[in-house]
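Structure, as structure tokens:
Owing to the predicted nature of the structure, the values given are computational and were not obtained by experimental measurement. In this chain, numbering begins with 1 at the start of the sequence shown.
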Amino acid sequence: RDNGILGDGFGRLMKARDLPELRALNVSKNGLTTTNALALLGRAGAFEELRTLVLSKISRGVWDPKVLRAADGPPRLVDLDLEETMFDDDAIAAFVRSPLYSRLRSLSLRKNLLTDEGARAIAEAEESRGLRVLKITDNRMTKAGHKQLVHSKNLEHARILTSRVTSDG
């Protein structure tokens, strides 16, 4: 259902200058595409006070690794929900190198396509050190991927929520 974010509404949101104090934005369940989501993640100067962004339930499009690596997002954004967005290993490998990722304190990647390779990218990224909460349940990781996360020095201060591994790995 289009409730004003898509089409002309999305364009108006992206050009908005009258929302300087917006602190949270939820555009989930809106038919959002990865292109729309990447546009929001790339808006460094917009939404100056935005701290929480929910982009869940994206069902169309492909995450562009080049754009993800460059994502700098709103300057105060610390809480990002990417639940059920078709985020895969290539996407997370690029995203952990972005300026935005290093500022995040909470990241939800629930119900995505991440395998042990994606878990390794998160675990090995020094930029993960700022995370305090990582929600990564319902992905395609094995127990080996789970172990990489819980034993990572880069995630030693994070509460890691994982479950439902796909095999013993």
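At most 12 heavy atoms of other shown residues, nucleotides or ligands fall within 6.0 angstrom of atom CZ in Arg159.
Screening residues 82-94 for salt bridge (charged side-chain N to carboxylate O under 4.0 Å, His left out), with sequence neighbours left out, gives Lys57-Glu83, Lys57-Glu84, Glu83-Arg110.
Residues Ala94 and Leu68 come closest through the heavy atom pair CB-CB, 4.1 Å. The two atoms that bring Leu161 and Lys135 nearest to each other are CD1-CG, 3.6 Å, heavy atoms only. Here the closest non-hydrogen pair linking Asp116 and Ala144 is OD2-CB, 3.9 Å. Between Asp72 and Pro99 the shortest heavy-atom distance is CB-CB, 4.1 Å. In terms of heavy-atom proximity, Ala119 sits nearest to Gly145 at CB-O, 3.5 Å.
Counting side-chain heavy-atom gaps under 4.5 Å among Ile, Leu, Val, Met, Phe, Trp and Tyr, the cluster of Leu113 also holds Met86.
With hydrogens and angles disregarded, a donor-acceptor distance shorter than 3.5 Å links the side chain of Ser128 to the backbone of Ile122. For the pair Trp63 (side chain) and Thr85 (backbone), a donor-acceptor distance under 3.5 Å is present. The backbone N or O of Val96 lies less than 3.5 Å from no partner atom in the side chain of Arg69, so there is not a single donor-acceptor pair. Panel note: side chain Asn112, backbone Leu82; a donor-acceptor pair is recorded below 3.5 Å. A donor-acceptor pair is defined here as one N or O able to donate and one able to accept, closer than 3.5 Å; no such pair exists between the side chain of Arg76 and the backbone of Pro74. Without hydrogens or angle criteria, Ser152 side chain to Ala123 main chain gives a donor-acceptor distance under 3.5 Å.
For the atom pair CZ (Arg132) and CG (Leu104), the distance works out to 12.0 Å, reported to the nearest 0.5 Å. Expressed to the nearest 0.5 Å, how far OG of Ser108 lies from CG of Leu55 amounts to 11.0 Å. Rounded to the nearest 0.5 Å, atoms OG (Ser56) and CG (Asn26) are 6.0 Å apart. The distance from atom OG1 of Thr52 to atom CG of Leu80, rounded to the nearest 0.5 Å, is 9.5 Å. Interatomic distance, Leu22 CG to Leu50 CG, rounded to the nearest 0.5 Å: 5.5 Å.
Residue Thr162 forms a side-chain hydrogen bond (donor to acceptor under 3.5 Å, both in side chains) with just one option from His146, Lys143, Lys147, and that option is His146.
Using a 4.5 Å cut-off on side-chain heavy atoms (C-beta onward), Phe87 and Thr34 make no contact. Counting only heavy atoms from C-beta outward, the side chains of Met141 and Leu149 approach each other to under 4.5 Å. Counting only heavy atoms from C-beta outward, the side chains of Ile160 and Leu155 approach each other to under 4.5 Å. For the pair Leu25/Val54, no side-chain contact is recorded, criterion being any heavy-atom separation below 4.5 Å from C-beta on.
Ion pairing of Arg129 with Glu127 is absent here, as no side-chain N (NZ or NE/NH1/NH2) approaches a carboxylate O to less than 4.0 Å.
Transitive grouping of hydrophobic side chains (ILVMFWY, heavy atoms separated by less than 4.5 Å) keeps Leu109 and Val78 in distinct clusters.
For Lys153, the side chain to side chain contact (heavy atoms under 4.5 Å, CB included) partners at least two apart in sequence or on another chain are Glu156.
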